[in-house]
Amino acid sequence: MKNLIVKGALVLGLGLGCFAAPAAAQSTTKNSTVTGAAGGAAAGAVIGGPVGAAVGGVAGAVAGAALDPPPPKVIEYVEAQPLPAEPVVVQQEIVVGKPLPETVVVTPIPDDTRYAYAVVNEKRVIVEPKSRTVVQVVQ
């Protein structure tokens, strides 16, 4: 039983860690929940058998769901906003799935409060406002 619990914990870690990154890299993928679930289940099956597959699938789905891209209406809104008078530059790379530094001011999207945006390092980024996690980099 203890061995099964340890395997389940490993699967959960793999499902969240290993499979969140590939889902995050695909900033416009509409099926990130499905991708995360499938990836998590595959890793879970390898490590923990059927129980591991179930745990890994759930963990992967949670990680994938957190990265679903914003609707076209939000992207269009962000693209239409003027650039800031003072450019915002940070040393860290702006990556989907990673939070923006606290020094970056994010502006809420009026018609969809699930999202906010900022222009950082000459890139428009859409974020989840509470965690400041980058959801999409607008090209």
Side-chain angles (χ1 to χ4, degrees):
M1 180 68 172
K2 183 177 178 182
N3 193 19
L4 183 61
I5 292 171
V6 170
K7 286 181 182 178
L10 285 171
V11 168
L12 182 60
L14 282 173
L16 289 174
C18 294
F19 295 101
Q26 300 172 7
S27 63
T28 57
T29 300
K30 296 201 185 286
N31 296 319
S32 57
T33 302
V34 174
T35 303
V46 169
I47 294 173
V51 173
V55 172
V58 170
V62 168
L67 299 170
D68 281 341
K73 181 173 146 180
V74 169
I75 297 168
E76 291 167 9
Y77 176 84
V78 171
E79 290 174 329
Q81 298 311 300
L83 294 174
E86 295 279 328
V88 176
V89 179
V90 297
Q91 294 301 314
Q92 77 183 50
E93 185 180 2
I94 304 304
V95 179
V96 172
K98 300 285 185 182
L100 289 178
E102 291 294 325
T103 57
V104 176
V105 176
V106 297
T107 305
I109 306 285
D111 292 339
D112 196 335
T113 57
R114 296 176 298 166
Y115 302 99
Y117 77 96
V119 179
V120 184
N121 296 350
E122 298 182 0
K123 296 179 183 179
R124 295 173 191 263
V125 295
I126 301 172
V127 301
E128 189 283 318
K130 290 179 185 166
S131 68
R132 304 173 60 83
T133 300
V134 176
V135 177
Q136 184 167 345
V137 177
V138 179
Q139 302 299 329

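Just so it is clear, the values below take in all heavy atoms, side chains as well, and ignore hydrogens, waters and symmetry mates. Quantities reported herein were computed from a predicted structural model and do not represent experimental measurements.
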Query raised in the report: Can you name the closest pair of heavy atoms from Ser131 and Pro99 and give their distance?
Result: O-CB, 3.6 Å
Requested in this report: Please confirm whether the backbone N or O of Glu93 pairs with a side-chain atom of Asn121, one donor and one acceptor, at under 3.5 Å?
Outcome: no
Query raised in the report: Are Val135 and Glu128 side-chain neighbours, meaning at least one heavy-atom pair lies under 4.5 Å?
Result: yes
Report task. Can you measure from OG1 (Thr107) to OH (Tyr117) and round to the nearest 0.5 angstrom? Result -> 4.5 Å
Query raised in the report: Is it true that a side-chain atom of Arg132 and a backbone atom of Pro101 form a donor plus acceptor pair closer than 3.5 Å?
Result: yes
Query raised in the report: Rounded to the nearest 0.5 Å, how far apart are CZ of Arg114 and CD1 of Ile126?
Result: 11.5 Å
Report task. Answer yes or no: is there a side-chain heavy-atom contact under 4.5 Å between Val138 and Glu79? Result -> yes
Query raised in the report: Taking all non-hydrogen atoms of both residues, which atom of Val88 and which atom of Val119 are closest, and how far apart?
Result: CB-O, 3.5 Å
Report task. State, with a plain yes or no, whether a side-chain heavy atom of Tyr115 is found less than 4.5 Å away from one of Pro108. Result -> no
Query raised in the report: Are the side chain of Arg124 and the backbone of Ile75 linked by a donor-acceptor contact shorter than 3.5 Å?
Result: no
Query - Gln136 and Val125: CA distance, side-chain angles, deciding distance, side-chain contact (heavy atoms from CB on, under 4.5 Å) verdict - result: CA-CA 6 Å; Gln136 184 167 345; Val125 295; over 6 Å; no
Query raised in the report: Are side-chain heavy atoms of Val134 and Val95 found at a separation under 4.5 Å?
Result: no
Report summary line: d(Thr113 OG1, Lys130 NZ) to nearest 0.5 Å is 8.5 Å
Report task. Would you indicate whether the side-chain heavy atoms of Pro71 and Asp112 approach each other to under 4.5 Å? Result -> yes
Query - Among Val127, Val104, Leu100, the one residue meeting side-chain contact (heavy atoms from CB on, under 4.5 Å) with Ile94 - result: Leu100
